[in-house]
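In this text, all values refer to a predicted model and were calculated from it rather than measured experimentally.
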Amino acid sequence: MSKSARYEWRDQQAALHERMKGFLENPGNEQLDAVVAEMRAYAAAAQAGNIEIPQRFVSYS
């Protein structure tokens, strides 16, 4: 996986995480719709090959 592909994947993960965090802090239909839309965008990008998902994930935190 190239460095740029890894950064793109990380950015997608961060956006999805922020949407989920917003929903958990303030649950409501608007936030739920935003989370679902972000998940669909992530899935569509993965299926289309626009983002590369790593085979393994290693967390250093």
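- Between Phe23 and Leu32 the shortest heavy-atom distance is CD1-N, 3.6 Å.
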Please step through side-chain contact (heavy atoms from CB on, under 4.5 Å) for the pair Met39 and Tyr42, ending with a clear verdict.
CA-CA 5 Å; Met39 289 175 132; Tyr42 181 82; 5.6 Å; no

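- Every residue two or more places apart in sequence or in another chain was checked for a side-chain hydrogen bond (donor to acceptor under 3.5 Å, both in side chains) with Glu30, and none qualifies.
- Judged as a side chain to side chain contact (heavy atoms under 4.5 Å, CB included), and not counting sequence neighbours, the contacts of Glu38 are Gln12, Ala15, Leu16, Arg19.
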